[in-house]
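Okay, structure first, notes after.
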Amino acid sequence: MSRAQRLADGEVPDQVMQGHYARKQLGSRSRIIAWSHRQRLRMAARLVAPYAGQSLLDYGCGDGTFLGQISPLFPRATGADADAGQIDECRTRFAHLTQVSFITTRELAGSQYDQRFGLICCTEVLEHCVDSDVDHLLLDMDRLLAIDGSIIISVPIEIGPALIGKELIRAIAGWRRIGDYQHRDSYRWGELFRMAGAGAETAIARPAHPFGTGVAHSHKGFNWRRLRSQIERRFVVREVRFSPFDGLAGWLSSQAWFRCERLP
(Lines give C-alpha, C1' and ligand atoms only; values in the text may rest on other atoms or scores of the structure.)
Protein backbone atom coordinates (compact mmCIF):
# COMPACT_ATOMS: atom_id res chain seq x y z
CA MET A 1 0.00 0.00 0.00
CA SER A 2 1.37 3.43 -0.96
CA ARG A 3 2.10 6.13 1.58
CA ALA A 4 -0.65 8.25 0.08
CA GLN A 5 -3.16 5.40 0.40
CA ARG A 6 -2.13 4.79 4.02
CA LEU A 7 -2.72 8.47 4.75
CA ALA A 8 -6.12 8.46 3.08
CA ASP A 9 -7.29 5.20 4.63
CA GLY A 10 -5.95 5.95 8.10
CA GLU A 11 -7.54 7.83 10.95
CA VAL A 12 -8.09 11.53 10.44
CA PRO A 13 -5.75 13.38 12.86
CA ASP A 14 -7.32 15.12 15.86
CA GLN A 15 -6.06 18.50 14.68
CA VAL A 16 -7.90 18.01 11.37
CA MET A 17 -11.14 16.95 13.07
CA GLN A 18 -11.13 20.16 15.12
CA GLY A 19 -11.80 22.19 11.96
CA HIS A 20 -15.36 23.35 11.27
CA TYR A 21 -15.57 21.62 7.86
CA ALA A 22 -14.16 18.35 9.19
CA ARG A 23 -16.54 18.35 12.15
CA LYS A 24 -19.53 19.06 9.92
CA GLN A 25 -18.75 16.67 7.06
CA LEU A 26 -16.20 14.02 8.07
CA GLY A 27 -17.77 13.80 11.52
CA SER A 28 -21.38 14.11 10.36
CA ARG A 29 -24.07 12.16 12.20
CA SER A 30 -25.24 11.11 8.74
CA ARG A 31 -23.19 8.04 7.84
CA ILE A 32 -23.60 8.57 4.11
CA ILE A 33 -22.50 12.22 4.30
CA ALA A 34 -19.44 11.29 6.39
CA TRP A 35 -18.59 8.37 4.08
CA SER A 36 -18.92 10.45 0.92
CA HIS A 37 -16.65 13.20 2.24
CA ARG A 38 -14.05 10.71 3.48
CA GLN A 39 -14.02 9.22 0.00
CA ARG A 40 -13.10 12.68 -1.28
CA LEU A 41 -10.00 12.63 0.91
CA ARG A 42 -9.08 9.22 -0.48
CA MET A 43 -9.47 10.43 -4.06
CA ALA A 44 -7.44 13.56 -3.29
CA ALA A 45 -4.64 11.43 -1.85
CA ARG A 46 -4.57 9.22 -4.95
CA LEU A 47 -4.45 12.20 -7.29
CA VAL A 48 -1.70 14.11 -5.46
CA ALA A 49 0.51 11.07 -4.77
CA PRO A 50 2.39 11.27 -8.11
CA TYR A 51 3.42 14.84 -7.22
CA ALA A 52 4.84 14.02 -3.78
CA GLY A 53 7.96 16.04 -3.08
CA GLN A 54 6.88 19.11 -5.05
CA SER A 55 5.79 22.44 -3.61
CA LEU A 56 2.03 22.38 -2.99
CA LEU A 57 -0.54 25.16 -2.82
CA ASP A 58 -4.04 24.49 -1.46
CA TYR A 59 -5.94 27.39 -3.06
CA GLY A 60 -8.99 28.03 -0.87
CA CYS A 61 -7.79 25.82 1.97
CA GLY A 62 -10.74 26.47 4.29
CA ASP A 63 -10.13 24.87 7.69
CA GLY A 64 -7.06 22.98 6.42
CA THR A 65 -8.68 19.52 6.26
CA PHE A 66 -6.93 18.55 3.01
CA LEU A 67 -3.50 19.88 3.99
CA GLY A 68 -3.68 18.40 7.47
CA GLN A 69 -4.28 14.96 6.01
CA ILE A 70 -1.78 14.80 3.14
CA SER A 71 0.99 17.18 4.30
CA PRO A 72 3.51 14.34 5.00
CA LEU A 73 3.78 13.86 1.23
CA PHE A 74 5.12 17.36 0.64
CA PRO A 75 8.28 19.02 1.98
CA ARG A 76 6.69 22.45 1.47
CA ALA A 77 2.97 23.12 1.44
CA THR A 78 1.00 26.35 1.60
CA GLY A 79 -2.67 26.89 2.37
CA ALA A 80 -4.30 30.12 1.19
CA ASP A 81 -7.77 31.44 1.92
CA ALA A 82 -9.60 34.76 1.72
CA ASP A 83 -10.78 34.49 5.34
CA ALA A 84 -8.01 35.97 7.50
CA GLY A 85 -9.64 34.70 10.71
CA GLN A 86 -9.66 31.18 9.36
CA ILE A 87 -6.01 31.46 8.34
CA ASP A 88 -5.08 32.55 11.87
CA GLU A 89 -6.97 29.57 13.28
CA CYS A 90 -5.17 27.18 10.90
CA ARG A 91 -1.78 28.62 11.85
CA THR A 92 -2.50 27.90 15.50
CA ARG A 93 -4.05 24.45 15.03
CA PHE A 94 -1.38 23.19 12.62
CA ALA A 95 1.63 24.87 14.22
CA HIS A 96 3.21 21.42 14.68
CA LEU A 97 3.39 20.93 10.88
CA THR A 98 6.59 22.85 10.30
CA GLN A 99 6.56 22.27 6.53
CA VAL A 100 3.09 23.82 6.19
CA SER A 101 2.36 27.55 6.09
CA PHE A 102 -0.91 29.46 5.84
CA ILE A 103 -1.39 32.82 4.15
CA THR A 104 -4.31 34.92 2.95
CA THR A 105 -5.10 35.15 -0.74
CA ARG A 106 -4.24 38.85 -0.46
CA GLU A 107 -0.71 37.89 0.62
CA LEU A 108 -0.60 35.34 -2.20
CA ALA A 109 -0.86 38.24 -4.67
CA GLY A 110 2.81 39.06 -4.06
CA SER A 111 5.12 38.57 -7.04
CA GLN A 112 7.35 36.24 -4.99
CA TYR A 113 4.71 33.56 -5.52
CA ASP A 114 4.65 33.79 -9.32
CA GLN A 115 5.27 30.32 -10.87
CA ARG A 116 6.24 29.02 -7.44
CA PHE A 117 4.09 25.90 -7.06
CA GLY A 118 4.53 22.57 -8.81
CA LEU A 119 1.06 21.47 -7.77
CA ILE A 120 -2.01 23.57 -7.02
CA CYS A 121 -5.14 22.00 -5.52
CA CYS A 122 -8.43 23.87 -5.53
CA THR A 123 -11.15 21.78 -3.91
CA GLU A 124 -14.75 22.77 -3.28
CA VAL A 125 -14.15 26.42 -4.11
CA LEU A 126 -15.17 27.27 -7.68
CA GLU A 127 -18.79 26.14 -7.29
CA HIS A 128 -19.30 29.03 -4.87
CA CYS A 129 -17.91 31.70 -7.21
CA VAL A 130 -19.78 33.92 -9.63
CA ASP A 131 -18.59 33.49 -13.24
CA SER A 132 -16.35 36.56 -13.21
CA ASP A 133 -14.64 35.34 -10.03
CA VAL A 134 -14.11 31.89 -11.55
CA ASP A 135 -12.24 33.48 -14.46
CA HIS A 136 -10.18 35.58 -12.03
CA LEU A 137 -9.25 32.58 -9.88
CA LEU A 138 -8.24 30.47 -12.88
CA LEU A 139 -6.08 33.34 -14.15
CA ASP A 140 -4.50 33.68 -10.70
CA MET A 141 -3.74 29.95 -10.51
CA ASP A 142 -2.10 30.21 -13.92
CA ARG A 143 0.15 32.94 -12.50
CA LEU A 144 1.09 30.83 -9.46
CA LEU A 145 1.71 27.56 -11.30
CA ALA A 146 5.24 26.50 -12.21
CA ILE A 147 5.92 26.21 -15.94
CA ASP A 148 5.69 22.40 -15.83
CA GLY A 149 3.20 22.28 -12.95
CA SER A 150 -0.24 20.68 -12.59
CA ILE A 151 -3.56 21.74 -11.09
CA ILE A 152 -6.18 19.53 -9.46
CA ILE A 153 -9.65 21.01 -9.21
CA SER A 154 -12.63 19.35 -7.54
CA VAL A 155 -16.25 20.49 -7.52
CA PRO A 156 -19.57 18.88 -6.57
CA ILE A 157 -21.85 17.17 -9.07
CA GLU A 158 -25.22 18.91 -8.87
CA ILE A 159 -26.83 17.59 -12.06
CA GLY A 160 -28.24 14.28 -13.28
CA PRO A 161 -29.33 11.39 -11.04
CA ALA A 162 -26.72 12.42 -8.48
CA LEU A 163 -28.65 15.64 -7.83
CA ILE A 164 -31.85 13.74 -7.00
CA GLY A 165 -29.99 11.51 -4.55
CA LYS A 166 -28.15 14.42 -2.95
CA GLU A 167 -31.30 16.47 -2.49
CA LEU A 168 -33.00 13.52 -0.79
CA ILE A 169 -30.04 13.03 1.55
CA ARG A 170 -29.91 16.77 2.29
CA ALA A 171 -33.64 16.85 3.04
CA ILE A 172 -33.27 13.99 5.51
CA ALA A 173 -30.22 15.67 7.08
CA GLY A 174 -32.17 18.92 7.39
CA TRP A 175 -35.11 17.09 9.00
CA ARG A 176 -32.64 15.55 11.47
CA ARG A 177 -31.10 19.00 12.06
CA ILE A 178 -27.67 17.84 10.99
CA GLY A 179 -25.25 20.66 10.22
CA ASP A 180 -26.94 23.54 8.41
CA TYR A 181 -28.77 21.44 5.82
CA GLN A 182 -32.16 22.73 6.99
CA HIS A 183 -31.08 26.17 5.70
CA ARG A 184 -30.03 25.04 2.21
CA ASP A 185 -31.33 26.71 -0.95
CA SER A 186 -34.15 24.46 -2.14
CA TYR A 187 -35.21 23.76 -5.72
CA ARG A 188 -38.59 24.35 -7.27
CA TRP A 189 -39.83 21.25 -9.11
CA GLY A 190 -39.16 22.78 -12.52
CA GLU A 191 -35.62 23.73 -11.54
CA LEU A 192 -34.94 20.27 -10.13
CA PHE A 193 -36.11 18.47 -13.28
CA ARG A 194 -34.16 20.88 -15.49
CA MET A 195 -30.89 20.28 -13.64
CA ALA A 196 -31.52 16.54 -13.36
CA GLY A 197 -31.46 16.44 -17.16
CA ALA A 198 -28.80 19.11 -17.58
CA GLY A 199 -26.37 19.26 -20.47
CA ALA A 200 -23.09 21.14 -20.64
CA GLU A 201 -24.76 24.53 -21.13
CA THR A 202 -27.85 24.11 -18.93
CA ALA A 203 -28.21 26.84 -16.32
CA ILE A 204 -30.78 28.15 -13.86
CA ALA A 205 -30.75 31.26 -11.70
CA ARG A 206 -28.39 30.73 -8.78
CA PRO A 207 -28.94 32.43 -5.40
CA ALA A 208 -26.11 34.73 -4.32
CA HIS A 209 -25.44 35.33 -0.64
CA PRO A 210 -23.23 37.95 1.04
CA PHE A 211 -19.73 36.63 1.65
CA GLY A 212 -16.87 38.79 2.85
CA THR A 213 -16.85 41.91 0.67
CA GLY A 214 -18.72 40.20 -2.17
CA VAL A 215 -21.22 37.42 -2.80
CA ALA A 216 -21.04 33.63 -3.08
CA HIS A 217 -23.27 30.91 -4.47
CA SER A 218 -24.53 27.84 -2.68
CA HIS A 219 -24.49 24.49 -4.51
CA LYS A 220 -27.89 25.12 -6.06
CA GLY A 221 -27.76 25.29 -9.85
CA PHE A 222 -24.07 24.47 -10.15
CA ASN A 223 -23.16 22.61 -13.36
CA TRP A 224 -19.74 20.95 -13.34
CA ARG A 225 -19.84 20.38 -17.09
CA ARG A 226 -20.32 24.07 -17.72
CA LEU A 227 -17.36 24.81 -15.44
CA ARG A 228 -15.23 22.39 -17.44
CA SER A 229 -15.67 24.63 -20.48
CA GLN A 230 -14.35 27.59 -18.46
CA ILE A 231 -11.37 25.57 -17.24
CA GLU A 232 -10.51 24.44 -20.77
CA ARG A 233 -10.21 28.04 -21.92
CA ARG A 234 -7.24 28.41 -19.55
CA PHE A 235 -5.80 24.87 -19.10
CA VAL A 236 -5.64 21.43 -20.70
CA VAL A 237 -7.78 18.92 -18.81
CA ARG A 238 -5.69 15.75 -18.83
CA GLU A 239 -7.97 13.59 -16.73
CA VAL A 240 -11.43 13.62 -15.16
CA ARG A 241 -12.17 11.41 -12.14
CA PHE A 242 -15.15 11.00 -9.86
CA SER A 243 -15.86 10.12 -6.25
CA PRO A 244 -17.12 8.17 -4.41
CA PHE A 245 -17.70 5.99 -7.51
CA ASP A 246 -14.99 6.52 -10.10
CA GLY A 247 -16.71 5.84 -13.40
CA LEU A 248 -20.07 5.99 -15.20
CA ALA A 249 -19.24 9.58 -16.28
CA GLY A 250 -20.07 10.76 -12.77
CA TRP A 251 -23.78 9.97 -13.00
CA LEU A 252 -23.79 8.24 -9.61
CA SER A 253 -21.06 10.28 -7.92
CA SER A 254 -21.04 13.38 -5.78
CA GLN A 255 -17.74 14.97 -6.85
CA ALA A 256 -15.86 15.62 -10.10
CA TRP A 257 -12.07 16.01 -10.25
CA PHE A 258 -10.03 17.65 -13.02
CA ARG A 259 -6.29 17.13 -13.43
CA CYS A 260 -5.02 20.03 -15.51
CA GLU A 261 -1.85 21.37 -17.10
CA ARG A 262 -0.90 24.54 -18.91
CA LEU A 263 -2.03 25.06 -22.47
CA PRO A 264 0.79 24.27 -24.95
If the condition is side chain to side chain donor-acceptor pair (under 3.5 Å), which residues does [X] pass it with, not counting sequence neighbours?
X	result
E89	R93
D180	K24
R170	E158, E167, H219
H136	none

Handout entry: Qualifying residues under side chain to side chain contact (heavy atoms under 4.5 Å, CB included), relative to I172, sequence neighbours excluded
Key = L168, R176

Fill in the blank from the handout: Those residues at least two apart in sequence (or on a different chain) that pass side chain to side chain contact (heavy atoms under 4.5 Å, CB included) with D81 are C61, D83, Q86, I87

Completion exercise
Members sharing V130's hydrophobic cluster, built from side-chain contacts under 4.5 Å between Ile, Leu, Val, Met, Phe, Trp and Tyr, are V215

Problem - Remaining members of hydrophobic cluster (4.5 Å side-chain criterion), W175 - result: none

Please identify each residue that fulfils ring pair (Phe, Tyr, Trp, His ring centres under 6.0 Å) with [X], with sequence neighbours left out.
X	answer
F94	F102
W251	none
Y187	none

Practice task
Would you mind listing every side chain to side chain donor-acceptor pair (under 3.5 Å) that reaches into residues 196-209, with sequence neighbours excluded?
Solution key: D185-H209

Exercise for the section: Please check if any side-chain donor atom of E107 sits under 3.5 Å from a side-chain acceptor atom of T104, or the reverse. Expected result: yes

